[in-house]
Colleague: 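The structure follows.
As the structure lists them, so they are numbered: ligands from 1, and atoms in each ligand from 1. Quick caveat, the model's predicted, so the values are computed rather than measured.
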Amino acid sequence: MKNEVFRCGYVALIGRPNVGKSTLMNHLVGQKLSITSRKPQTTRHRILGIKTTEHAQIIYVDTPGIHQHARRAVNRYMNRTASSVIADVHVVVFLVEALKWTDEDEIVLSVLKKVPVPVILAVNKVDRIKRKDELLPYLQEMSRKMNFAAILPVSALAGTNLKQLEEVIVRHLDISGPYYPEDQLTDRSSRFLAAEIIREKLMRSLGQELPYALTVEIEKFEEQANLYRINALIWVERDNQKAIVIGEKGQRLKKIGKQARLDMQKLFDRKIYLELWVKVKEGWSDDERALSSLGYRDES
Ligand code: GDP
Ligand code: MG
């Protein structure tokens with residue numbers, strides 16, 4: 001007979017763009033749910049990652065990044081995040097990058113100082129540190145910034161210290177049964193996840209060549225026996241962008257399709273038949289584009 005308590009609750013992953021929030025969530029949940037890349041605007045939507053163990057259900061909330069130069073937007077976004085996400089969670093994990101402290105980190109800190117929930121500081125990317133003796137003074141400097149519930153050096157990529165991080169998080173959750181069925185991994189549909197995987201491959205493959213106007217629309221998502229048949233449209237704004245996405249002799253689109261299919265096969269655990277089409281859609285308003293590229297679009 002088990003008499004250990006079960007805990008459950010929400011954990012917000014907060015930090016400036018590119019610090020590793022989505023990578024951390026994927027590693028903690030053990031599935032690639034949130035797309036990642038070197039580009040700051042990768043995560044556009046709030047997404048839940050649900051990890052259920054024998055003793056706890058941890059519901060991670062991954063939040064969108066924001067444009068590095070949009071200082072006022074940073075504030076606005078952080079304030080909104082503070083009210084809409086942070087207010088509803090049991091604990092916050094504040095991510096920073098080992099040995100770095102930027103103006104954007106400072107803005108995030110100023111918001112977190114005002115929240116009523118415990119804040120755990122996760123010092124990420126420690127795998128990159130060449131001289132290990134530099135870490136301790138950095139951790140000491142961080143400990144003076146605010147009263148953190150804990151400070152942990154981690155590597156979201158290599159998996160370093162993530163078990164410890166999970167243990168600390170669980171201590172701050174409520175004593176409660178699970179909120180979600182134990183086999184549920186996210187609040188997003190397979191259709192949504194499929195579109196996001198394609199967008200990740202596009203962002204990783206296109207470098208600076210393509211603006212953020214690009215969107216992916218799943219036109220067909222059919223379940224057949226033990227395979228998914230997926231048709232997706234990649235929307236761009238101009239013919240020359242279409243040519244870039246397709247690449248010489250269709251090579252780039254082929255590669256994007258192959259990489260996306262492999263990721264989907266892993267995530268959905270079945271065969272995937274994927275067809276990609278690139279189409280030009282003109283007349284997006286600048287406002288609309290700017291908003292969606294910044295991840296400000298309100299999702300249902
Ligand atoms: P986000 O914008 O905060 O969600 O950041 P991402 O999760 O998209 O990660 C941004 C970049 O940092 C990606 O290229 C990741 O591979 C990289 N990254 C994330 N965590 C680590 C880490 O622990 N070590 C290293 N070396 N790179 C990392
Ligand atoms: Mg992200």
Colleague: Enter the distance from Asn18:CG to Lys125:NZ here, rounded to the nearest 0.5 Å.
Modeller: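 It is 5.5 Å, given to the nearest 0.5 Å.
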Colleague: I'd like to know if Glu223 pairs up with Arg270 as an ion pair, taking the criterion as any Lys NZ or Arg NE/NH1/NH2 lying under 4.0 Å from an Asp or Glu carboxylate oxygen.
Modeller: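 Yes, charged N to carboxylate O under 4.0 Å.
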Colleague: For ligand 1, indicate whether the residue Asn124 contacts it via side chain, backbone, both or neither (heavy-atom separation under 4.0 Å).
Modeller: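 The side chain, only.
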Colleague: Just wondering, is there an N, O or S atom on Thr36 that's nearer than 2.8 Å to the Mg ion (ligand 2)?
Modeller: no
Colleague: For the residue pair His90 and Tyr179, does the interplanar ring angle fall in the parallel (under 30°), tilted (30 to 60°) or perpendicular (over 60°) class?
Modeller: tilted
Colleague: Which bit of Leu157 gets closer than 4.0 Å to ligand 1, counting heavy atoms only: side chain, backbone, both or neither?
Modeller: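 Looking at Leu157 and ligand 1, atoms from backbone and side chain both fall under 4.0 Å.
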Colleague: Need the ligand 1 atom indices (1-based, order shown) with element for anything under 4.0 Å from a heavy-atom of Lys21.
Modeller: 1 (P), 2 (O), 3 (O), 4 (O), 5 (O), 7 (O)
Colleague: Answer side chain, backbone, both or neither: which part of Ala158 comes under 4.0 Å from ligand 1, heavy atoms only.
Modeller: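 Under 4.0 Å from ligand 1, Ala158 contributes no heavy atoms.
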Colleague: Go through ligand 1 atom by atom and flag the ones less than 4.0 Å from a non-hydrogen atom of Val19.
Modeller: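 Those atoms are 3 (O), 5 (O).
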Colleague: May I ask you to decide if the ring planes of Phe94 and Phe148 are parallel, tilted or perpendicular, using 30° and 60° as cut-offs?
Modeller: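 Because their plane-to-plane angle lies in the 30° to 60° range, the rings of Phe94 and Phe148 count as tilted.
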Colleague: Should one rank Glu97, Lys125, Glu200 by closest heavy-atom distance to atom 17 (C) of ligand 1, which comes out on top?
Modeller: Lys125
Colleague: Report yes or no: is the cationic atom of Arg191 (NZ for Lys, CZ for Arg) under 6.0 Å from the centre of the six-membered ring of Phe221, at an angle within 45° of the ring normal?
Modeller: no
Colleague: Would a 4.5 Å heavy-atom cut-off, applied to side chains only, mark Val96 and Arg16 as touching?
Modeller: no
Colleague: Based purely on interatomic distance, does Pro17 place a nitrogen or oxygen under 3.5 Å from a nitrogen or oxygen of ligand 1?
Modeller: no
Colleague: I'd like to know if Gly15 contacts ligand 1, where contact means a heavy-atom distance under 4.0 Å to any ligand atom.
Modeller: no
Colleague: If hydrogens are left out, which of Ser22, Ser155, Ser34, Gly20 has an atom nearest to atom 5 (O) of ligand 1, that is, the closest non-hydrogen atom?
Modeller: Gly20
Colleague: Between Glu200 and Lys32 (salt bridge meaning N to carboxylate O under 4.0 Å), is one present in this structure?
Modeller: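 Looking at Glu200 and Lys32, the cut-off is met.
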Colleague: Under 4.0 Å between a side-chain nitrogen and a carboxylate oxygen: does that hold for Lys51 and Glu166?
Modeller: yes
Colleague: Answer yes or no: does an N/O atom from Asn18 fall short of 3.5 Å to an N/O atom of ligand 1?
Modeller: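 Yes; at least one N/O pair falls below 3.5 Å.
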Colleague: Arg128 heavy atoms, cut-off 4.0 Å: which ligand 1 atoms fall inside?
Modeller: 26 (N)
